[in-house]
Amino acid sequence: MDISNLLKNSLDASALRAETISSNIANVNTSNYKAKRVEFENQLSSALNMVTTKSNHIGSSSTNQARVTTDNTTSVDANGNNVDLDVEMVNQSTNELYYSSIVSQLNGRYQMLNYVLNN
């Protein structure tokens with residue numbers, strides 16, 4: 001898997017996660033609303049562990065797209081809503097750190113490329 005595509009997909013997943021968390025926070029008081037989660041890391045891990053012998057085999061060039069799922073595992077309030085504002089705020093902070101780390105990786109790659117091209 002190409003590292004540039006991996007970083008791009010990671011940034012896309014982080015952006016989708018930010019949208020999803022914002023939507024959860026906006027619907028904290030909406031009756032019967034179920035919190036949404038973004039799944040990306042598990043799919044990425046599975047794709048990285050996949051063994052292919054040639055680049056044109058099925059699955060070797062798969063795009064690891066993030067996917068939004070509904071969280072039905074947490075407790076539900078009296079109004080049927082399962083959004084926990086504290087959990088969402090922690091998820092938002094975690095996602096901000098994740099996004100910053102991916103951006104730092106990209107900046108390092110571009111600085112290295114710039115150094116090679118200019119020297």
Side-chain angles (χ1 to χ4, degrees):
M1 172 177 282
D2 181 28
I3 192 71
S4 298
N5 284 336
L6 175 63
L7 292 173
K8 178 201 170 294
N9 288 342
S10 297
L11 283 176
D12 290 344
S14 182
L16 179 61
R17 187 170 284 129
E19 280 182 41
T20 304
I21 293 168
S22 296
S23 176
N24 288 342
I25 291 171
N27 287 294
V28 72
N29 293 322
T30 303
S31 297
N32 298 317
Y33 180 82
K34 303 298 182 215
K36 309 285 190 270
R37 299 284 176 245
V38 174
E39 292 182 6
F40 175 70
E41 288 78 9
N42 292 339
Q43 292 176 339
L44 179 62
S45 177
S46 297
L48 291 175
N49 291 331
M50 186 184 313
V51 177
T52 58
T53 56
K54 293 188 177 187
S55 62
N56 59 352
H57 282 180
I58 294 174
S60 63
S61 63
S62 65
T63 58
N64 299 299
Q65 298 297 324
R67 168 178 84 166
V68 178
T69 60
T70 302
D71 183 10
N72 292 315
T73 61
T74 56
S75 62
V76 178
D77 290 341
N79 67 354
N81 187 316
N82 69 346
V83 176
D84 184 350
L85 189 58
D86 293 332
V87 170
E88 297 303 324
M89 298 305 286
V90 168
N91 289 342
Q92 186 176 36
S93 297
T94 303
N95 190 51
E96 289 172 4
L97 291 171
Y98 179 77
Y99 183 85
S100 295
S101 67
I102 298 299
V103 169
S104 294
Q105 288 289 321
L106 280 171
N107 285 338
R109 290 183 60 79
Y110 289 138
Q111 287 173 352
M112 190 176 3
L113 182 62
N114 188 27
Y115 177 79
V116 168
L117 293 174
N118 290 325
N119 292 325

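We count residues from 1, following the sequence as given. Please read these numbers as outputs of a predicted model, since none were measured by experiment.
With Ser23 contributing its side chain and Glu19 its backbone, the two residues share no donor-acceptor pair below 3.5 Å. Side-chain N or O atoms of Asn81 include one that pairs as donor or acceptor with a backbone N or O of Val83 at under 3.5 Å. A donor-acceptor pair under 3.5 Å links the side-chain atoms of Lys34 to the main chain of Gly80, judged by distance alone.
The two residues Val68 and Leu16 come nearest to each other via the heavy atoms CG2-CD2, 3.8 Å.
Using a cutoff of 4.0 Å between basic side-chain nitrogens and carboxylate oxygens, Glu88 and Arg37 are scored as salt-bridged.
Rounded to the nearest 0.5 Å, atoms OG1 (Thr70) and CG (Asn82) are 9.0 Å apart. Once rounded to the nearest 0.5 Å, the distance linking CG of Asp71 with OG1 of Thr69 reads 7.0 Å. Here OG of Ser4 is found 11.5 Å from NZ of Lys8. Values are rounded to the nearest 0.5 Å. Atoms CD1 and CG, from Ile102 and Leu97 in turn, are 11.5 Å apart once rounded to the nearest 0.5 Å. Atom CD1 of residue Ile3 and atom CG of residue Leu6 lie 4.5 Å apart, to the nearest 0.5 angstrom. Rounded to the nearest 0.5 Å, atoms OG (Ser14) and CZ (Phe40) are 10.0 Å apart.
For the residue pair Asn24 and Tyr33, a side-chain donor N or O sits within less than 3.5 Å of a side-chain acceptor on the partner.
Put simply, the side chain of Ile21 does not reach to within 4.5 Å of the side chain of Val38, judged on heavy atoms. At a threshold of 4.5 Å between non-hydrogen side-chain atoms, the residues Asn95 and Asn91 do not count as touching.
Linking Ile, Leu, Val, Met, Phe, Trp and Tyr whenever their side-chain heavy atoms come within less than 4.5 Å leaves Tyr110 and Tyr115 in two separate clusters.
With a 6.0 Å radius and a threshold of 12 heavy atoms from other residues, nucleotides or ligands, Gln92 has its CD atom above the threshold. Taking a 6.0 Å sphere around CG of Asn79, one finds it holds more than 12 heavy atoms contributed by other residues, nucleotides or ligands.
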Q: Any chance you could lay out the side chain to side chain contact (heavy atoms under 4.5 Å, CB included) test for Val90 and Val87, step after step, and finish with the verdict?
A: CA-CA 5 Å; Val90 168; Val87 170; 5.8 Å; no
